[in-house]
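Report on the following structure.
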Amino acid sequence: MGDKGTSNYSDVTDFILVGFRVRPEFHILLFLLFLLVYGMVLLGNISMMAITVIDSQLNTPMYFFLGNLSFIDLSYSTVIAPKAMINFLSEKKTVSFAGCAAQFFLFALFIVTEGFVLAAMAYDRFIAICNPLLYSVHMSRRLCTQLVAGSYFCGWVSSLLQVSVTFSVTFCASRVIDHFYCDSYQIEISCSNLFVNKMVSLSLAAFIILPTIVIIVVSYIYIVSTVLKIPSSEGRKKGFFACSFHLGVVSVLYGTVSFVYLTPPSNPELRKVASVFYILVTPMLNPLIYSLRNKDVKQALRKILWKKKALS
């Protein structure tokens, strides 16, 4: 009989998700915390999507991108959070091979798509501030639709390549994944030559992820230079205010993702905590950030609630 520790790819039927290495009594606390935050993710992002669809006054490029951003945030949180909460309360913290591959594929799809949508939003702010007279010409409905469709296409290509190379290796060291969801960490338990995996990851970073960062950085360089040329302090304040929320979201997302994927894995638990930020915290905060101080969104929400109250 062969040793299970040396079983190959074809023998693997499931993986064990370690989750957070805390005492068992803290698992209920983690479950309640995830449940609370995930509930706020659902409420905030579904509300944002509903508002952008129902209110015709929000039929603009910015809110079109915001509606898609809310859908993406909701989607990748849903891919991760429910399974993590089930494992917090379960003794068998397992996920099937197919389930792990599907979770990894969907998460990579939505997280990469979000990067491109954020880049499209940066371009939208660039046109709105630097070329306001040509805004309606440049940011047509057709172009906005193409930008979002292209974002999903790039996310699909990226996730397909990552899943293909990650799950085609030989898993012979262990079935244990030291995380609370299936991510690229599982390749660390492989005994195959990971040269191809690393080359694919570097290529994706160079040709898919890096361009989104360049677009965002260049857009904001032009935005800042344009805003600084505004003669009145009130005008400069409005200009910075118009793009500060988006820049904050970008900074939190790319900051935590960079910390998780680009830093040495010296402290796995700290990396898991950082993962919670872009899986749950950022999707929870995005609707709040874009709506709390946004008069259009608050007015649309009041209008919807007033209609609901009038009908009841």
Side-chain angles (χ1 to χ4, degrees), residues 38 40-81 105-129 135-136 138-160 208-209 211-213 215-216 219-220 242-254 256-257 277-292 294 296-298 300-301 304:
Y38 181 60
M40 295 179 68
V41 170
L42 289 174
L43 179 62
N45 286 286
I46 290 176
S47 299
M48 181 64 76
M49 286 188 290
I51 290 170
T52 57
V53 170
I54 294 172
D55 196 303
S56 58
Q57 291 184 347
L58 300 184
N59 189 20
T60 64
M62 183 178 74
Y63 293 107
F64 176 71
F65 290 130
L66 277 178
N68 279 278
L69 183 67
S70 291
F71 173 76
I72 293 166
D73 283 342
L74 178 62
S75 297
Y76 72 71
S77 291
T78 301
V79 168
I80 304 297
F105 175 84
L106 291 172
F107 175 69
L109 165 64
F110 288 116
I111 200 73
V112 173
T113 301
E114 173 147 336
F116 278 91
V117 170
L118 289 172
M121 292 175 70
Y123 177 72
D124 173 71
R125 293 298 85 203
F126 159 72
I127 297 296
I129 294 174
Y135 181 75
S136 59
H138 283 297
M139 298 306 297
S140 64
R141 184 73 178 186
R142 181 180 179 183
L143 176 62
C144 293
T145 303
Q146 289 173 340
L147 288 173
V148 171
S151 299
Y152 277 97
F153 176 75
C154 291
W156 182 81
V157 171
S158 174
S159 60
L160 185 63
I208 293 184
I209 309 301
T212 65
I213 300 175
I215 291 171
I216 292 170
S219 295
Y220 275 100
C243 55
S244 59
F245 293 151
H246 175 259
L247 190 59
V249 170
V250 170
S251 301
V252 172
L253 178 67
Y254 277 98
T256 53
V257 169
F277 274 86
Y278 61 78
I279 289 170
L280 285 175
V281 177
T282 300
M284 177 190 69
L285 292 178
N286 280 354
L288 298 175
I289 289 173
Y290 285 114
S291 63
L292 281 181
N294 189 308
D296 294 333
V297 174
K298 288 191 288 187
L301 184 59
I304 293 171

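When all heavy atoms are compared, the tightest approach of V112 to G155 is CG1-CA, 3.8 Å. Across every non-hydrogen atom of F116 and S151, the tightest pair is CB-OG, 3.2 Å. Of all non-hydrogen atoms in F65 and V117, the two that sit nearest each other are O-CG1, 4.1 Å.
W156 places a side-chain heavy atom less than 4.5 Å from the side chain of F105. Residues Y38 and T78 are in side-chain contact: their nearest non-hydrogen atoms beyond the backbone lie under 4.5 Å apart. When side chains are defined from C-beta on, I51 does not count as touching Y63, because their heavy atoms never get closer than 4.5 Å. The closest side-chain heavy-atom distance from I216 to Y254 is below 4.5 Å. Annotation: side chain of M121 is in contact with side chain of L66 (closest heavy-atom distance under 4.5 Å).
To the nearest 0.5 angstrom, L118 atom CG is 11.5 Å from I215 atom CD1. Note that OG1 of T60 and CZ of R141 are 9.0 Å apart. Values are rounded to the nearest 0.5 Å. How far CD1 of I72 is from CD1 of I111: 9.5 Å, rounded to the nearest 0.5 Å. To the nearest 0.5 angstrom, Y152 atom OH is 12.0 Å from S159 atom OG. The CG atom of N68 lies 11.0 Å from the CG atom of D73; values are rounded to the nearest 0.5 Å. To the nearest 0.5 angstrom, L74 atom CG is 5.0 Å from M49 atom CE.
The aromatic rings of F110 and F71 stand perpendicular to each other, their planes meeting at an angle above 60°, with 30° marking the opposite boundary.
The closest donor-acceptor contact from the side chain of S158 to the backbone of C154 lies at 3.5 Å or more, if one exists at all. Side chain of D124 to main chain of M139: no donor-acceptor pair is present (N/O by atom type, distance under 3.5 Å, no hydrogens or angles). Side-chain atoms of S77 do not come within 3.5 Å of backbone N or O of L280 as any donor-acceptor pair.
Residue F64 qualifies as enclosed at atom CZ: its count of foreign heavy atoms under 6.0 Å is above 12.
No hydrogens or angles considered: nothing links the side chains of Y76 and T113 as a donor-acceptor pair under 3.5 Å.
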